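Just so it is clear, the values below take in all heavy atoms, side chains as well, and ignore hydrogens, waters and symmetry mates. Fair warning: this is a prediction, and the values are worked out from it, not measured in the lab.
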Amino acid sequence: MGKITYKRLKGSQNMRQRLLLATLKSTPVLIEDIHAGDTLPGLRPHEISLLRLFEKLTDDCLIEINETGTKLKYKPGIIVGGSHLVHDCGFSRAIGYFLEPLILLGLFARKTLVIILKGITNDSKDPSVDTFRSTTFPLLRHFGVPSEGLKLEIKSRGVSPHGGGEVHLTIPTVQHLTATMWTDEGMVKRIRGEAFTTRVSVQLGNEMIYAARGIFNRLLPDVYIASDYRKRLEAGNSPGYGISLVAETTSGCCISADTTVSYPRGDEEEDIEDEGKKELIPAADVGEKLASVLLEEIEKGGVVDSTHQGLLFLLCALCPKDVSKVRVGKLSPYGIETLREIRDFLDVQFVIKPDPSTGTVILKCWGSGMKNLSRKTT
């Protein structure tokens with residue numbers, strides 16, 4: 001066996017994208033100075049959890065972490081996928097943090113990926129599992145991913161600080177993605193959404209729906225927001241409530257926004273009765289504010305919302321050697337960092353051209369030619 005040549009990187013920024021792209025391209029990486037300047041240096045619990053998740057999906061993966069956690073050696077294995085997999089995402093980050101890389105790895109796996117993820121399903125930092133189901137999955141169809149194989153079932157919800165949620169995810173394999181020319185945003189034709197409550201009164205869900213509808217109904221007639229009231233085992237371990245909204249356009253775009261209200265991580269262990277004495281943001285204010293956030297996302301323009309820019313660019317870069325062209329609103333910090341990592345790992349550069357007439361940005365790239373050489377065909 002020959003000596004392994006590692007791509008040397010420094011710092012903790014973009015850890016998720018770096019590990020994902022390293023795995024997709026089978027590029028060994030050596031990352032140093034991970035959170036070195038922090039009070040508690042070293043890999044964070046969610047970053048270690050992500051590495052363990054990648055380890056479960058691949059064969060012959062090598063992970064070495066030094067004693068302080070500030071240095072990581074990662075040699076990716078072959079992406080296998082498979083069924084009957086279970087992963088506890090912990091409480092440091094929500095399940096949404098793990099879903100984006102998981103979806104891309106699943107598409108290029110040897111076998112269909114079927115996995116159970118446990119942890120926090122909804123929080124205010126990461127996209128909710130509802131957003132992945134209502135917005136991310138339709139996005140994948142624009143790149144040739146068959147919708148019939150994609151499935152995400154919410155068996156139980158979990159919010160911070162104690163989680164307790166569980167989702168079942170199925171991702172089909174593809175031989176390769178399909179390049180896209182996707183610049184038509186279309187006009188918003190309807191609003192869909194879902195308000196959920198866990199271990200609190202169902203009335204809070206109704207208040208969020210009523211407040212959000214109060215804004216949208218003045219703009220268009222087709223508005224429907226469902227209610228998901230969870231109790232007992234399906235409600236996880238902590239009280240909370242939240243809402244996810246998606247605007248569907250005439251050209252097949254889905255623009256989303258979501259939020260969750262719960263107690264912050266890091267609180268001392270308390271029982272639910274003690275937690276209930278604290279005040280949370282009124283449900284009506286949550287619904288009204290998120291409706292305004294969604295309208296702001298629509299106003300920015302583009303075929304995806306700012307949260308999905310990074311995934312959109314990754315999909316374009318992973319396409320066959322053909323031109324993809326997409327339109328987005330103002331580039332988000334996450335989108336910009338993703339473009340940099342794509343350049344470094346895939347050697348794909350985007351041509352970026354602002355459109356002054358709409359305030360949007362058009363991006364064009366030549367795909368890297370990524371193919372699933374290990375896919376099993378029946």
Side-chain angles (χ1 to χ4, degrees), residues 1-38 41-82 85 87 89-90 93 97-98 100-111 113 115 171 173-177 310 313-315 317-321 337-349 366-376:
M1 183 178 174
K3 185 179 179 182
I4 300 172
T5 302
Y6 288 90
K7 182 182 180 72
R8 301 181 73 94
L9 302 166
K10 281 197 171 186
S12 57
Q13 65 273 20
N14 313 318
M15 179 72 72
R16 183 174 60 162
Q17 293 102 316
R18 286 175 169 180
L19 294 175
L20 168 64
L21 289 167
T23 306
L24 288 169
K25 289 296 289 181
S26 299
T27 303
V29 291
L30 170 61
I31 307 176
E32 299 177 287
D33 297 336
I34 301 172
H35 299 289
D38 294 1
L43 287 162
R44 298 292 180 257
H46 57 273
E47 293 166 342
I48 295 173
S49 181
L50 185 67
L51 283 165
R52 297 308 175 204
L53 176 59
F54 284 14
E55 193 175 34
K56 290 176 183 177
L57 300 181
T58 59
D59 186 28
D60 197 27
C61 166
L62 176 66
I63 299 171
E64 292 182 13
I65 304 171
N66 70 350
E67 289 184 3
T68 59
T70 56
K71 183 177 178 180
L72 165 68
K73 274 187 177 181
Y74 174 60
K75 184 187 82 65
I78 298 168
I79 308 169
V80 178
L85 298 173
H87 184 71
C89 299
R93 293 291 288 266
Y97 172 84
F98 301 84
E100 184 178 299
L102 195 55
I103 288 170
L104 290 173
L105 290 181
L107 292 175
F108 291 99
R110 181 180 296 173
K111 296 179 286 186
L113 175 63
I115 186 169
I171 302 294
T173 62
V174 295
Q175 196 71 47
H176 55 77
L177 298 174
F313 301 153
L314 284 166
L315 289 166
L318 292 170
C319 281
K321 292 186 180 295
E337 292 298 333
T338 302
L339 290 172
R340 289 175 179 154
E341 298 302 335
I342 288 171
R343 179 197 60 199
D344 292 345
F345 278 90
L346 302 180
D347 197 26
V348 171
Q349 297 204 45
W366 187 262
S368 63
M370 181 78 177
K371 289 184 179 180
N372 190 348
L373 300 176
S374 62
R375 182 189 181 202
K376 284 191 174 182

By side chain to side chain donor-acceptor pair (under 3.5 Å) - contacts of Thr68 (at least two apart): Asn66, Thr70
Kindly indicate whether the side chain of Ile63, heavy atoms from C-beta on, has any atom under 4.5 Å from the side chain of Phe54. no
Val348 and Leu318, any side-chain heavy atoms less than 4.5 Å apart: no
side-chain contact (heavy atoms from CB on, under 4.5 Å) between Arg93 and Leu50, intermediate numbers included: CA-CA 10 Å; Arg93 293 291 288 266; Leu50 185 67; over 6 Å; no
Within 6.0 angstrom of Gln349 CD, more than 12 heavy atoms from elsewhere: no
Between Arg110 and Thr173, is the side-chain contact (heavy atoms from CB on, under 4.5 Å) condition met? List the steps. CA-CA 7 Å; Arg110 181 180 296 173; Thr173 62; over 6 Å; no
Closest non-hydrogen atom pair between His176 and Met370, with its separation: CB-O, 3.9 Å
One should read off an interatomic distance between Leu19 CG and Phe345 CZ, to the nearest 0.5 angstrom, of 8.0 Å
Within-4.5 Å side-chain heavy-atom neighbours: Glu47 and Tyr97: yes
Taking every heavy atom of Ala22 against every heavy atom of Pro76, the minimum-distance pair comes out as O-CG, 3.3 Å
Output for pair (Leu30 CG, Thr5 OG1), nearest 0.5 Å, gives 11.5 Å
Listed by chain and number, what are the side-chain contact (heavy atoms from CB on, under 4.5 Å) partners of Gln13, not counting sequence neighbours? Arg18
Got a donor-acceptor contact below 3.5 angstrom from the Asn372 side chain to the Ala109 backbone? yes
Any chance you could measure Lys71, atom NZ, to Ile34, atom CD1, to the nearest 0.5 Å? 10.5 Å
To the nearest 0.5 Å, what is the distance between CG on Leu53 and CD1 on Ile48? 14.0 Å
Give, for atom CG of Asn14 and atom CZ of Arg340, the distance between the pair rounded to the nearest 0.5 Å. 8.5 Å
I need the minimum non-hydrogen distance between His35 and Gly42, along with the two atoms involved. CD2-O, 3.1 Å
Are Val29 and Leu72 side-chain neighbours, meaning at least one heavy-atom pair lies under 4.5 Å? no
Checking the side chain of Ser368 only, and the main-chain atoms of Ala317 only, is there a donor and an acceptor separated by less than 3.5 Å? yes
Within the 4.5 Å heavy-atom criterion, are Lys73 and Pro28 side-chain neighbours or not? no
Can you find a pair of side-chain heavy atoms, one from Leu314 and one from Ile342, that are under 4.5 Å apart? yes
side-chain contact (heavy atoms from CB on, under 4.5 Å), that's the test. Do Leu24 and Ile79 meet it? Break it down for me. CA-CA 8 Å; Leu24 288 169; Ile79 308 169; 4.1 Å; yes
Please determine whether the number of non-hydrogen atoms from other residues, nucleotides or ligands lying under 6.0 Å from atom NZ of Lys56 exceeds 12. yes
Check whether any side-chain heavy atom of Asp344 lies under 4.5 Å from a side-chain heavy atom of Leu21, and answer yes or no. no
Hey, what do you get for CD1 (Ile171) to CG (Leu105), rounding to the nearest 0.5 Å? 10.5 Å
Taking only residues at least two apart or on different chains, which pairs with a member in residues 59-68 satisfy salt bridge (Lys or Arg N to Asp or Glu O under 4.0 Å)? Asp60-Lys75
Please lay out, stage by stage, how Arg44 and Met15 fare under the test side-chain contact (heavy atoms from CB on, under 4.5 Å). CA-CA 11 Å; Arg44 298 292 180 257; Met15 179 72 72; over 6 Å; no
For Cys61 and Thr58, the nearest pair of non-hydrogen atoms, with its separation, is CB-OG1, 3.3 Å
